[in-house]
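Some notes on the structure that comes next.
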There are 2 protein chains.
Amino acid sequence: MRIGELAKKLNVNPKTLRYWEEIGLLPPPKRDSSGYRVYTEEHLRLCQFILKAKAVGFKLDEIKEIISLIYSGTSPCKCVEEKIRSKIQEIDELIEELKLRKKILQEILKKRSNTPAYFCPIIESISTFEE
Amino acid sequence: MRIGELAKKLNVNPKTLRYWEEIGLLPPPKRDSSGYRVYTEEHLRLCQFILKAKAVGFKLDEIKEIISLIYSGTSPCKCVEEKIRSKIQEIDELIEELKLRKKILQEILKKRSNTPAYFCPIIESISTFEE
DNA sequence: ATAAACCTTCCACCTAACTGGAAGGCAAGA
DNA sequence: TCTTGCCTTCCAGTTAGGTGGAAGGTTTAT
């Protein structure tokens with residue numbers, strides 16, 4: 001299968017596939033007599049894996065590492081499990097940070113409804129700011 | 001106060017302050033006879049506001065807009081309140097997305113503990129992937 | 001007086017993950 | 001045959017929010 005067909009199946013831009021190859025994420029496929037890339041079903045499945053991993057928040061660098069762990073063979077599952085666990089922790093930390101931000105914003109709204117011209121302790125200064 | 005002093009008070013790089021000025025976030029201060037920027041207390045307070053807004057997740061573009069709303073005077077509080085509400089909603093959506101990702105990752109771990117060589121439906125293909 | 005520390009502008013570079021376009025080669029259908 | 005559409009490489013640009021460094025002027029402390 002050529003790059004356009006693979007790209008269509010994955011719903012990505014052909015340029016993206018070339019980019020993945022360039023950064024070492026996707027193994028370079030064989031070329032036909034005209035120099036066109038010829039992808040296999042394994043390439044398709046690997047790309048689907050990449051897309052799924054991306055969708056749950058892994059960066060391409062991390063996916064690359066996971067793929068090379070898988071290929072390395074030395075108890076890759078333990079390592080991949082580690083990666084997943086630390087990604088979950090990362091997500092947890094981000095959720096906590098977001099909840100904190102939300103709380104701060106909600107408090108600003110609450111204070112604002114009491115004292116009309118209030119946004120946060122700095123807004124008064126801003127209102128009177130002159131260049 | 002000159003740029004170094006302001007930067008120190010805010011704990012940011014002087015370059016950051018010039019950058020903020022460049023993108024129209026911070027009003028250009030007066031210059032002294034040597035061409036050095038001379039900031040006022042109002043600049044300091046505006047910068048503190050910028051940093052707080054950044055900390056709760058506003059982008060510089062959004063902060064710029066909020067600042068210009070405040071300056072515009074036409075019922076700015078209503079508009080700012082809108083911005084805050086939509087930022088809260090944005091945060092809520094992100095939290096939901098993150099929870100979903102976490103759930104997917106946890107399910108992968110659960111399945112993995114049952115069937116040792118399992119990462120996700122694609123891993124088998126990857127394991128047998130050959131270039 | 002002179003060195004260190006500060007300031008200026010300008011240009012370029014960083015991350016992340018692409019995307020666009022130019023210039024050119026090949027392929028498939030009418 | 002001709003046109004459309006695919007493919008190649010290479011170069012450069014995008015977003016967001018800065019950061020680094022060069023070349024040169026100023027100020028402050030010793």
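Below, chains carry the letters A, B, ... as their sequence lines are ordered, and counting in each starts from 1.
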Which atom pairs link the protein and nucleotides 1-5 of chain C when you take only N or O atoms and keep those under 3.5 Å?
none

* Asked: NA contact type, B:I3, heavy-atom cut-off 4.0 Å: base, sugar-phosphate, or nothing?
  -> sugar-phosphate
Measure [atom1]/[X] against [atom2]/[N] and give the value in whole Å, please.
{"X": "B:R18", "N": "C:dT8", "atom1": "CZ", "atom2": "C1'", "answer": "7 Å"}
{"X": "B:N11", "N": "D:dT19", "atom1": "CG", "atom2": "P", "answer": "11 Å"}
{"X": "A:E5", "N": "D:dG5", "atom1": "CD", "atom2": "P", "answer": "18 Å"}
{"X": "B:E21", "N": "C:dT8", "atom1": "CD", "atom2": "P", "answer": "9 Å"}
{"X": "A:L51", "N": "C:dC18", "atom1": "CG", "atom2": "C1'", "answer": "13 Å"}
{"X": "B:W20", "N": "D:dT19", "atom1": "CH2", "atom2": "C1'", "answer": "14 Å"}
{"X": "B:E22", "N": "D:dT15", "atom1": "CD", "atom2": "P", "answer": "14 Å"}
{"X": "A:L17", "N": "D:dC7", "atom1": "CG", "atom2": "P", "answer": "10 Å"}

What pairs of donor and acceptor atoms, side-chain ones from residues 3-27 of chain B against any protein atom, are under 3.5 angstrom apart with sequence neighbours left out?
| unit_1 | atom_1 | unit_2 | atom_2 | d |
| --- | --- | --- | --- | --- |
| B:N13 | OD1 | B:K15 | N | 2.9 |
| B:T16 | OG1 | B:N13 | O | 3.4 |
| B:E21 | OE1 | B:R37 | NE | 2.8 |

Does [X] have any side chain to side chain contact (heavy atoms under 4.5 Å, CB included) partners at least two apart in sequence or in another chain, and if so, which?
{"X": "A:Q106", "answer": "A:K102, B:I88"}
{"X": "A:S86", "answer": "none"}
{"X": "B:I104", "answer": "A:V56, B:L100, B:I108"}
{"X": "B:E82", "answer": "B:R85"}

* List for me each residue that meets salt bridge (charged side-chain N to carboxylate O under 4.0 Å, His left out) alongside A:K83, sequence neighbours excluded, and say none if there are none. => A:E65
* To do: For A:K99, enumerate each residue passing the salt bridge (charged side-chain N to carboxylate O under 4.0 Å, His left out) test, keeping only those at least two apart in sequence or located in another chain.
  => A:E96
* To do: Please say which of B:E41, B:Q48, B:E42 ends up in a side chain to side chain donor-acceptor pair (under 3.5 Å) with B:R45.
  => B:E42
* **Selected nucleotide, minimal atom distance to B:K54 side chain, candidates D:dG18, C:dT8, D:dT9** => D:dG18
* To do: For nucleotides 19-30 of chain C, just jot down a letter per nucleotide in 5' to 3' order: B, S or -, based on protein non-hydrogen atoms under 4.0 Å.
  => SBB---BBS---
* **Side-chain N or O of B:R31 closer than 4.0 Å to phosphate OP1/OP2 of C:dT9** => yes
* To do: Would you indicate, yes or no, if D:dC7 has its OP1 or OP2 atom less than 4.0 angstrom from a side-chain nitrogen or oxygen of A:R37?
  => no
* To do: Would you work out how much the helix from C:dA1-D:dT30 to C:dA30-D:dT1 bends between its ends, with each end axis defined by five base pairs, to 10 degrees?
  => 20°
* Straight-line distance of A:I63 CD1 to A:K52 NZ, nearest 0.5 Å -> 13.0 Å
* Asked: Under the salt bridge (Lys or Arg N to Asp or Glu O under 4.0 Å) criterion, do B:K87 and B:E90 qualify, and how do the steps go?
  -> CA-CA 5 Å; B:K87 180 59 71 179; B:E90 212 177 282; 2.9 Å; yes
* To do: Report the residue (B:I23 or A:G35) whose heavy-atom-nearest nucleotide on DNA chain D is the more 5′ of the two.
  => A:G35
